[in-house]
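Just follow the structure's listing: the first ligand is 1, and inside any ligand the first atom is 1. Small disclaimer: the values here were computed from a predicted structure and weren't measured.
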Amino acid sequence: MQYFSTNRNSPHVSFRQATLNGQPDDRGLYFPESIPKFATDFIGRLPELDQASIAFEVIRPYVGGEIADEKLHEICAETVNFEFPLVPVSGRISALELFHGATLAFKDVGARFMSRCLREFSDPATGRTVVIVATSGDTGGAVANGFFGVEGVDVVILFPKGKVSRVQELQLTTLGGNIHAIEVDGDFDACQAMAKSALADAEIKERVFLTSANSINVARWLPQQFYYLFAHRQLMTGGHGQVPVVSVPSGNFGNICAGILAHVSGLPVRHFIAACNANDIVPRFLESGEMRSQAAVATLSNAMDVANPSNFVRVLELFDWDVVRLKDLVSSVSISDAETRRTMIDVRDRFGYLLDPHGAVGFRALEDFLATTDGSGYFLETAHPVKFDSVFEVSGTFGEIPRSVSDLESKTRRSTRMEADYGSLREFILSIA
Ligand SMILES: *Cc1c(COP(=O)(O)O)cnc(C)c1O
């Protein structure tokens, strides 16, 4: 499998090179030259397969033989070594709970897979590897956890000051060792801009092997297909074969784009909903045809406070930029903080299910969609409620607190403060190089 740049001004590369590069030099995104189709009996066989084997079959064509089958299967098993339960919430709506991994969010899947690919691909002879990642909260913890203690690799995590929750900050700053947490005086977009500048800095790249762990990296993006198949397996074994409407709380659009990719390969899905918060550039684009960017707005679902979703260009590629065809399969709505709050309270009271703010955006969009049609669906519950301080303010509880969280409380926090200025980041990277 070869990957091209969505800006079409960089050489085509293999999976290995795309993973190592992170982003093409022309600042586009890597995209597979062709979309593999699942074997004809693959969907029918899902109930017989375990999670690792499903993951392996999905990812294998994308890796194109650059990791030996046996090793790749092992990486898949380590990546999906936790539960992905599809939990009924109402009669027609289920939650696909993606928060049973190490840092309690779906990003654990991509981060675990990517860290293990980089371990396979990096060459100790070419010097230190520095992984740089900008996070609005969830990415950093997942990446830090995935890379912690990996020999020869340093991880630099940029997070916006005062904009990540208590639990997220603990997950980012308590590892130490090869994990460097940087608290940036700015928002997520500022962090992302700093990371992008570093990745384009030729002089830095001469000193260290620098790569990104943001959701634009193919090794993080592609494995996010796995749990859509796990959901389908549960729909099949649960006895009702209805093709679902799938609602995905969306910020940078990597997660939903992976779901659509799985669908293009053969996964039955009736409709996708990209459920956004007040950062509504995509809903407005699908309505007006005009892509007008605005500054990011801070919301309750802060992992989705993204002004310009990088991965949306990949969604467009999947439809050959045919927006009419895209709108047949995908709709997008914007859910306000007031609606999010109301939904969290309402779902707790009606069904006894505790939502986090991102899941609440997904639930609201799905219930609204199903109100005008028959059928059923699921939304992605993308993180555990305990990760967001607002859950306690709104719902009066965090639900059951997972062990991994209580263990963090006693650990020491370490981070470096920085202005939202690339010069300072540059110095920092050179200091650890
Ligand atoms: C990252 C994140 C999202 C948004 O996912 P994208 O792939 O950026 O669209 C949604 N919910 C949570 C909890 C997240 O951490």
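Asp187 places a side-chain N or O within donor-acceptor distance of the main-chain N or O of Asp189, the cut-off being under 3.5 Å. In this structure, the side chain of Asp154 does not engage the main chain of His180 through any donor-acceptor pair within 3.5 Å. Between the side chain of Asn7 and the backbone N or O of Asp26 there is at least one donor-acceptor pair closer than 3.5 Å.
A donor atom on one side chain and an acceptor atom on the other are found under 3.5 Å apart for Thr299 and Asp305.
Contacts between Gln224 and ligand 1, counted as non-hydrogen atom pairs separated by less than 4.0 Å, are absent for every part of the residue.
Looking at Ala303 next to ligand 1, no N or O pair under 3.5 Å apart turns up. Of the polar atoms of Ser250, none of the N or O atoms is found under 3.5 Å from an N or O of ligand 1, judged by distance alone. Ligand 1 has an N or O atom lying under 3.5 Å from an N or O atom of Phe253, backbone or side chain. For ligand 1, the polar-atom distance check against His358 finds no nitrogen or oxygen pair separated by under 3.5 Å. Between Phe106 and ligand 1, not a single N/O pair is under 3.5 Å apart. Not one N or O of Asp356 is nearer than 3.5 Å to an N or O of ligand 1, by distance alone.
Under a 4.0 Å heavy-atom criterion, Ala105 is not in contact with ligand 1.
Listed by number with element, the atoms of ligand 1 under 4.0 Å from a non-hydrogen atom of Ala383 are 13 (C). Which parts of ligand 1 touch Gly254 is read off a 4.0 Å heavy-atom cut-off, strictly below it: atoms 6 (P), 7 (O), 9 (O). Of all the atoms in ligand 1, the ones that sit under 4.0 Å from a non-hydrogen atom of Pro249 are 4 (C), 10 (C).
At the shortest separation from atom 4 (C) of ligand 1 among protein heavy atoms lies Gly251 N, 3.6 Å. Nearest to atom 12 (C) of ligand 1 among the protein's heavy atoms is Thr382 OG1, 3.3 Å. For atom 13 (C) of ligand 1, the closest non-hydrogen atom of the protein is Asp138 OD2, 3.0 Å. Closest to atom 1 (C) of ligand 1, if we only count protein heavy atoms, is Lys107 NZ, 1.4 Å. Looking only at heavy atoms of the protein, atom 8 (O) of ligand 1 is closest to Asn252 N, 2.8 Å. In this structure, atom 7 (O) of ligand 1 lies nearest to the protein heavy atom Asn255 N, 2.9 Å.
At a threshold of 4.0 Å, the pair Arg364-Asp368 counts as salt-bridged, since one of the basic side-chain nitrogens sits closer than that to a carboxylate oxygen. Checked for salt-bridge contact, Arg413 and Glu169 meet the test: a charged N lies under 4.0 Å from a carboxylate O. A salt bridge does not link Asp356 to Lys387: none of the charged nitrogens lies less than 4.0 Å from a carboxylate oxygen.
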Quick one: do Arg284 and Asp280 satisfy salt bridge (Lys or Arg N to Asp or Glu O under 4.0 Å)? Show the steps, please.
-> CA-CA 6 Å; Arg284 280 188 291 113; Asp280 61 350; 3.0 Å; yes
Show the numbers, then the answer: is there a salt bridge (Lys or Arg N to Asp or Glu O under 4.0 Å) between Glu367 and Arg350?
-> CA-CA 13 Å; Glu367 191 170 56; Arg350 276 199 294 160; 3.0 Å; yes
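For an aromatic pair to be called close, the ring centres must be under 6.0 Å apart, and His100 with Phe82 fails this. The distance between the ring centers of Tyr228 and His263 does not fall below 6.0 angstrom.
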